[in-house]
Amino acid sequence: MRLYAVVAAGGFRRYATYRIETAAGVFTNTVFGFILAYTYAALWDERPQLGGYDMSQALTYVWLGQALLMTCVMMGGGFENELIERIRTGDIAVDLYRPVDLQLWWLAGDLGRAAFHLLGRGIVPMVLGSLAFDLVMPASPGTWVAFLVAVALGVVVSFALRYLVALSAFWLMDGAGVAQMSFLAGMFFSGMLLPLNLFPGLLGEVARALPWSALLQVPADVFLGKHTGWGLVRVYAFQAGWALVLLLAGRLVQSVATRRVVVQGG
Amino acid sequence: MAEVVDAVVGDAPDAVFVPRSRVVEGVRAYGLIVAMWLRSTMAYRASFVMMALGNFAATAFDFVTIVLMFSHVDVLGGFTLPEIALLYGSAGTAFGLADLLMGSMDRLGQRVRDGTLDTLLVRPVPVIAQVAADRFALRRLGRVSQGLLVFGYALVTLDIEWTVAKVVLVPLMVLSGAAIFSAVFVAGGAFQFVAQDASQVQNSFTYGGATLLQYPPSVFATDLVRGVTFVVPLAFVNWLPCLYVLGRDYPLGLPDWVAFLSPLVAGVCWVGAGLAWRAGLRAYRSTGS
């Protein structure tokens with residue numbers, strides 16, 4: 001357990017090193033936040049209460065999306081590129097000899113990364129957004145805590161998805177195609193482009209049931225106070241359920257894949 | 001015999017070192033490097049087709065989002081779906097072309113960091129041509145074709161009163177728009193000489209600008225519209241020409257004829273970006289690695 005805490009701290013420190021990149025990222029998140037906020041304002045101007053959000057809630061949703069974009073890695077990228085490279089070059093064989101659990105090792109590092117991105121890339125755009133627009137912030141500390149739990153679960157779901165993406169390299173050798181598919185699904189089905197409440201009919205129902213909705217839609221709704229009491233327990237169960245299923249799928253694929261490595265001789 | 005040798009020796013330097021201007025030299029080098037990357041891409045055709053389709057789909061989701069928005073409303077910022085499709089298609093095509101030709105500029109910071117830019121400096125070819133053609137990605141045609149498709153849909157659906165001026169303006173707009181975005185790519189590259197790991201700032205202006213131009217100016221705050229008209233003149237990429245074609249009012253109360261200024265604005269942008277590039281290249285200090 002101590003080992004994984006150290007790995008997580010390492011993940012945090014590693015991303016904290018790139019200060020100019022973080023500043024540049026904050027700038028980008030803010031620019032896109034402004035553009036999206038204005039388009040949402042035009043939309044909610046036409047239809048107040050669209051999707052059950054009022055104008056302030058819709059604008060808050062936009063800025064939450066920018067704040068969580070890197071934390072929950074909606075667009076993909078991060079540890080999985082490194083893992084794909086290790087699989088491609090065969091370095092993965094060395095990793096498998098280590099007396100640590102491969103999946104937990106990468107998860108710990110990714111949690112550290114997420115913690116840094118939440119602080120480094122999340123707070124400043126949110127503050128800038130709230131200066132320019134009328135946003136709604138949770139009044140009770142309880143909602144903030146509930147939000148952070150939802151974000152943490154979202155990060156685990158995101159990790160589990162990207163772990164599967166990376167493992168596909170055992171068969172495909174080149175992860176670019178799968179990574180691109182996962183980028184597309186992440187952007188569209190996390191609710192990053194448009195809240196999933198606005199997706200019509202069956203598309204909406206499917207989108208809300210898919211694991212990507214755990215990345216942004218659920219944490220944002222928790223932040224906006226849409227889920228309380230048993231409703232909160234229910235969405236946590238939704239996120240945790242997907243996390244569990246996807247992590248187990250990752251384990252399964254990994255055990256099949258590692259047997260392949262042995263056959264190939266690394 | 002001696003005459004023959006003389007003739008050969010005398011001829012050879014001329015034949016090999018034909019004096020060319022820097023511009024011709026740059027374009028030629030760009031073409032050669034692009035051809036090299038094309039051959040390399042086409043070695044894996046299936047992979048290329050998949051990447052191009054992915055590129056197409058990635059940008060198509062932007063338009064799907066707009067269509068989903070219009071499942072709830074009839075107008076956005078006072079504009080109908082076909083009108084927004086015109087803005088979207090023109091911005092997408094112009095940006096797609098610039099991205100295809102100059103999109104590799106955002107890798108410059110990476111090259112400065114790892115020191116591989118030095119290799120480019122010692123070659124007798126303009127650095128900008130080498131950087132721009134580096135890893136030329138034909139898959140970016142996906143974005144261009146997606147933009148053209150939406151553009152075509154808009155032109156077919158909209159009931160435009162065509163005049164000669166409007167017919168001339170449409171292709172002029174796309175080409176000038178691509179030129180303006182290319183200048184932004186070059187200026188962004190120049191900025192990366194200074195701030196090596198800030199390629200994201202460049203993305204805000206390129207990808208961010210393209211996203212901004214998909215929506216009508218009436219959606220945005222006046223100060224933002226002022227900024228993209230007079231500071232980073234993205235409004236000339238498609239907003240002003242499209243508003244002319246649609247016969248709509250301009251933002252900021254600009255006169256009618258400014259829609260035709262796009263080529264001029266593109267020229268000014270190129271000069272500015274060229275100067276910035278030169279300054280950036282002069283300021284470059286190798287990592288020594």
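Lettering of chains follows the sequences in order, A, B, ..., and the numbering in each one begins at 1. Values below: all heavy atoms of this structure, side chains included; hydrogens, waters and symmetry mates excluded.
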For the residue pair A:F238 and A:W242, does the interplanar ring angle fall in the parallel (under 30°), tilted (30 to 60°) or perpendicular (over 60°) class?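 Perpendicular.
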
Which word best sums up how the rings of A:Y61 and A:Y53 line up, parallel for under 30°, tilted for 30 to 60°, or perpendicular for over 60°? tilted

In terms of heavy-atom proximity below 4.5 Å to chain A, should [X] be classed as side chain, backbone, both, or neither?
X	answer
B:F220	both
B:V64	side chain
B:F205	side chain
B:L53	neither

Which bit of A:E21 comes within less than 4.5 Å of chain B, counting heavy atoms only: side chain, backbone, both or neither? both

Distance only, no hydrogens: is a donor on one side chain within 3.5 Å (strictly under) of an acceptor on the other, for B:R113 and B:Q110? yes

Side chains of B:R135 and B:S104: is there a donor and an acceptor less than 3.5 Å apart? no

Residue, of A:P200, A:A24, A:G51, that accumulates the most heavy atom pairs under 4.5 Å with chain B: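 Sorted descending by pairs with chain B, the first entry is A:A24.
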
Most chain B-contacting option - heavy-atom pairs closer than 4.5 Å, from A:V31, A:L193, A:L184: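 Most heavy-atom pairs within the cutoff with chain B belong to A:L184.
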
Atom of A:V62, atom of A:G33 and distance for their closest heavy-atom approach: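 So the two residues come closest at CG1-O, 3.6 Å.
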
Could you walk me through whether A:F159 and A:Y163 pass ring pair (Phe, Tyr, Trp, His ring centres under 6.0 Å), step by step? CA-CA 6 Å; A:F159 165 83; A:Y163 196 70; 5.5 Å; yes

In terms of heavy-atom pairs under 4.5 Å with chain A, the winner among B:D74, B:N203, B:D62, B:V219 is B:V219

Heavy-atom pair count under 4.5 Å with chain A, highest-scoring of B:T211, B:V75, B:L224, B:N55: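 Option with the greatest count: B:V75.
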
Centre-to-centre under 6.0 Å for A:W212 and A:F188, is that the case here?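 No - the distance between ring centres of A:W212 and A:F188 does not fall below the 6.0 Å cut-off.
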
